[in-house]
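Only one structure is covered here, and it is reproduced in the block below.
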2 protein chains.
Amino acid sequence: MNQFRESMFILSRKFGILNEQSCVNCCGKELSLVQSHILYEVNRQNQPSMQDIASALSMDITTFSRQVKNLIDKNLIKKTPDLKDNRIHILSLTDKGKEIQSKIDLEFNIYLEQVFSQLSEFERDTIIRSIELLNISMNKAEVCCVAALK
Amino acid sequence: MNQFRESMFILSRKFGILNEQSCVNCCGKELSLVQSHILYEVNRQNQPSMQDIASALSMDITTFSRQVKNLIDKNLIKKTPDLKDNRIHILSLTDKGKEIQSKIDLEFNIYLEQVFSQLSEFERDTIIRSIELLNISMNKAEVCCVAALK
DNA sequence: GATATAAACTTGCATAATACAAGTATTAAA
DNA sequence: TTTAATACTTGTATTATGCAAGTTTATATC
């Protein structure tokens, strides 16, 4: 139990560093880690609203609103009013946003390949399935506060 | 590869939320998440210096220095000069710090039990070993920037 | 159809977190 | 005995954060 928490703590931190490094390698100080997360998540989701992304990143909506403004100023994100409900703003990446996003992705994959090259096919599969299994059981367990993330 | 990143992204975020919730449940607004991480890490390591903890949490040393000051003001942490080298300050938890730390631990374990109760003994072991394996291969791979964390 | 309620954001504001530059104090190296 | 390096601290400016209170649009109630 404690062993698990400790390992997860370290893994999380390392994963964070990989993300940070990928972001820095790509864009230096032009883009913060949080902003790169927003690009990542907007790219990942389908026609997401502000709420969708903010809650996926568990960010306060007001903080998020301002970060989106920053990203629009940098011409990385677009905000389109929803046709059915004008309160909702759909987020999407601009061409430049897509470019940056895939550049970060590339940087990340370079690191990831180094990590995975240490492992056998079987180990890789086991790890990926383990992480997915863990996510699933977290979804089941925490109805109250963690269920929102999929 | 992308599947891995996506699952890890979600897992990291959920783990972060569990940590945050444990921290909030324990101490409300008395303690920030970062501060709880410091307590956790000081408790985990043996006679750690400022540098040790700052780098384990990949925090800037100046930011860390100020957070330590906050925690000393809250009477949760002690700073003792190293006998052999007076530049180095060894960190340790005060009694109150230990108390808070184990209270957060308790909160965290309640969540964790809910998660693990969804899983079989075998699944649990596989998950834990997978995460450890992943940590090990990350250590091997990233000599440059991630190797520091153990 | 008018009014009340709620949802999806935005902005004001005060506080906390961050990191660079430049400092002090102590130890190690030349 | 200088010189350099390490371990930390403080000054300062910038950014991030989140609550309160706002606007605008949609939904529910009568």
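Taking atom CG of B:Leu33 as the reference point, atom P of D:dT17 lies 12 Å away to the nearest angstrom. Spacing between atom NE2 of A:His37 and atom C1' of D:dA16 amounts to 14 Å, rounded to whole angstrom units. Taking atom CZ on A:Phe64 and atom C1' on C:dA8, their separation rounds to 12 Å, with Å as the unit. For B:Leu31 and C:dA16, the CG to P distance is 14 Å, given to the nearest whole Å. Taking atom CD1 of B:Ile38 as the reference point, atom P of C:dA17 lies 10 Å away to the nearest angstrom. At whole-Å resolution of the value, CZ in B:Arg66 and P in D:dG11 are 8 Å apart. Following rounding to the nearest Å, A:Asp60 (CG) and D:dA20 (P) show an atom-to-atom distance of 11 Å. Taking atom CE of A:Met50 as the reference point, atom C1' of C:dA8 lies 9 Å away to the nearest angstrom.
Listed for the A:Thr94 side chain is a donor-acceptor partner under 3.5 Å among the backbone atoms of A:Gly97. At distances below 3.5 Å, at least one donor-acceptor pair connects side-chain atoms of A:Asp52 with backbone N or O atoms of A:Ser49. Between the side chain of A:Ser7 and the backbone N or O of A:Phe4, no donor-acceptor pair lies under 3.5 Å.
An OP1 or OP2 oxygen of D:dT9 is reached within less than 4.0 angstrom by a side-chain nitrogen or oxygen of B:Ser65. The side chain of A:Lys29 contributes no N or O atom lying less than 4.0 Å from OP1 or OP2 of C:dT18. Using a 4.0 Å cut-off, some side-chain N or O of B:Ser32 falls inside it from OP1 or OP2 of C:dA17. Between D:dA26 and A:Asn86, a contact under 4.0 Å exists linking OP1 or OP2 to a side-chain N or O. Contact check, A:Gln67 against D:dA16: a side-chain N or O comes under 4.0 Å of OP1 or OP2. Side-chain nitrogen and oxygen atoms of A:Lys69 include at least one within less than 4.0 Å of the OP1 or OP2 phosphate oxygen of C:dT11. Taking only side-chain nitrogens and oxygens, A:Thr63 comes nearer than 4.0 Å to OP1 or OP2 of D:dG18. Within the structure, every side-chain polar atom (N or O) of B:Lys84 is placed at least 4.0 Å from both OP1 and OP2 of C:dT27.
When each of C:dT10, D:dC19, D:dA26 is scored by its nearest atom to the side-chain atoms of A:Ile61, the top-ranked nucleotide is C:dT10. Which of D:dG18, C:dT26, D:dC8 sits closest to the side chain of B:Asp85 comes down to C:dT26. For B:Asn70, the side-chain atoms get nearest to C:dA17 when compared with the rest of D:dT9, C:dA17, C:dT10.
Nearest-nucleotide positions on DNA chain D place B:Val68 closer to the 5' end than the other of A:Asp82 and B:Val68. Residues A:His89 and B:Met59 both approach DNA chain C. Their nearest nucleotides, taken by heavy-atom distance, put A:His89 toward the 5′ side.
Atom OG in A:Ser55 sits 12.0 Å away from atom CG in A:Asp60 (nearest 0.5 Å).
Judged by distance alone, with hydrogens and angles left aside, B:Arg87 brings a side-chain donor or acceptor within reach of the base of D:dT6, the pair sitting under 3.5 Å. For A:Thr62 and D:dC19, a side-chain-to-base donor-acceptor distance below 3.5 Å is present, hydrogens and geometry of angles not being considered. Side-chain to base pairing of B:Ser49 with D:dC8: no donor and acceptor N or O lie closer than 3.5 Å to each other.
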Taking it one step at a time, do A:Leu31 and A:Leu39 satisfy side-chain contact (heavy atoms from CB on, under 4.5 Å)? CA-CA 10 Å; A:Leu31 200 72; A:Leu39 296 188; 4.0 Å; yes

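Note on ring orientation: taking the six-membered ring where Trp is involved, the planes of B:Phe15 and A:Phe9 are perpendicular (angle over 60°, cut-offs 30° and 60°).
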